Amino acid sequence: MPFNSPAQNANYYLDYQAQVESNARTYPRNLPLAIASANNIYITDTNGKTYIDCLSCAGALALGHNHPVVLDAIQQHLSQGLPMQTLDFTSPIRHAFVQELLASLPPAFAARAKVQFCGPSGSDAVEAALKLVKTATGRRSILAYQGAYHGQTHGSLALMGNLRAKSAIPGLMPEVHFLPFPDAYRCGATCNSTDAGCTAQHHRCATLERLESVLKDDESGVPLPAAVILEVVQGEGGCNPAPDDWLREVRRLTAQYRVPLIVDEVQTGWGRTGSLYAFERAGIVPDVLVLSKAIGGGLPLALIVYDEALDLWQPGAHAGTFRGNLMAIGTGLATLRFIREQNLASHAAQMGKYLRSQLRHLQTSMPFLGDVRGRGLMTGVEIVDPATHDRNGVSLPDGECARAIRKACFERGLIIELGGRQGSVLRFLPPLVITQEQIDAVVAIVAAACQAVSADQLHRRSVAP
Ligand SMILES: Cc1ncc(COP(=O)(O)O)c(C=O)c1O
């Protein structure tokens, strides 16, 4: 029987999904899509409407939908009669994948690297990283950053900045301590300084001082941690890039106090931010690197790469049935080769710069587009209420307006998601293969959506009693 019975109207599928699937479902609530097919940066729904996909499966589709390189890898896999699942037995494809992975890393890291394939989600790879560093150091606490997103399992959820998802769950992993993350636009959000002239530079230094005092002060209240974990560009937290000099200082301090540094590149890895790995820009080398999303070429795959000095856990310490799905390893290998051969990281850098420059044009006539930021093809636009301001004169985030813009974009055929405080940041995560013409189409829709929302808001204000 064919998989695709004759397509019904999108509402038919959405209504059924709402009835039968979990209350915990997320994306279809705000992006009511029943997907019929997808190709490149486009998704077509069962009503025949086509959308530009700037969500890319939460950043997992580096090459977009059904890229020929990925399809070819799948076809080769099937025609050669290769197994789908192989636990952690080796094979020529797995061997080639690990070699290509190590070749893609800075030599200083690759030379001392060990690889652990994990259950196929970023969250499971974060769990593995936590177990690894706790075992190796014999310590129990972890330092994480406000605004962080590392997944939704009990350990990774405990590392999350956002309180919504974690507040309903008692008994998350204990002994996680949070530090403020640098925020060039809105340092007031996490900074305790009462100076009216508090600057991003000041905030950056303050966050480093906080880290150093926690690591060295025997009255800090925080035992020396098993690790510091961070994202180089916070994704779900609102597309916040960490400054290079800040990262170098974090690396210097963690090395000085012999605290392993876990860099979570689940979202940023493999070209997304304009370099193959986001940490490379700062010239640092982590102790543990967490990878997922793009590395499976669209199929589920996750792993950690870490310094051999940490390899003190025992056989079976992170066992799991679905570690290293062989087809995902094949599509991942093909994807990594393609990204490196085509230099898609530098394409992402150029396209991201172009996207942000176009969005900044819109900013000049739309004051609610508060901040346009990002690295490579990881771009965020923080939506603000221009009638308000904090003590530094920065307008306050406006999640309601951001939600209205997301909806207006969707109605016009563009899929974007939100992140950041109050969900006020429009997030653009297109496939790395997006072209300049396609970006023009994205920006034209954003412009039309923003105009419609702004006209609607003006109208509402004028008729308000
Ligand atoms: C930085 C980061 N870490 C971890 C995760 C969790 O990955 P997964 O959703 O595959 O569990 C995500 C997911 O968005 C992420 O962005």
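Owing to the predicted nature of the structure, the values given are computational and were not obtained by experimental measurement. Ligands are counted one by one from 1 in listed order, and the atoms in each one are counted from 1 as well.
Here the closest non-hydrogen pair linking D183 and R421 is OD2-NH1, 4.4 Å. Contact record, F279 with I284: CD1-O, 3.1 Å, taken as the closest heavy-atom pair.
The nearest non-hydrogen atom to atom 7 (O) of ligand 1, considering only C57, A58, G122, comes from G122.
Judged by the 6.0 Å distance and 45° axis criteria, R356 is not positioned over the aromatic ring of F428.
Heavy-atom proximity to S121, at under 4.0 Å, picks out these atoms of ligand 1: 10 (O), 11 (O). Of all atoms in ligand 1, listed by their number and element, those nearer than 4.0 Å to a heavy atom of Q267 are 14 (O), 16 (O). Contact atoms of ligand 1 toward V266: 2 (C), 3 (N), 4 (C), 5 (C), 7 (O), 12 (C), 15 (C) (distance under 4.0 Å to a heavy atom of the residue). Proximity to D264 (heavy-atom distance under 4.0 Å) selects the following atoms of ligand 1: 1 (C), 2 (C), 3 (N), 4 (C). Below 4.0 Å from some heavy atom of K293 lie the following atoms of ligand 1, by number and element: 13 (C), 14 (O), 16 (O). Shown in contact with E231 at under 4.0 Å from a heavy atom are these atoms of ligand 1, numbered in order with element: 1 (C). Numbered from 1 in the order shown, with element, the atoms of ligand 1 that lie under 4.0 Å from a heavy atom of S123 read 6 (C), 7 (O), 8 (P), 11 (O).
I52 has its side chain within reach of Y42: a pair of non-hydrogen atoms, C-beta onward, lies under 4.5 Å apart.
Pairs passing the salt bridge (charged side-chain N to carboxylate O under 4.0 Å, His left out) check and including a residue from residues 157-176, sequence neighbours excluded, read R140-E175.
Screening R251, R258, R112 against D287 for a salt bridge (Lys or Arg N to Asp or Glu O under 4.0 Å) leaves a single residue, R251.
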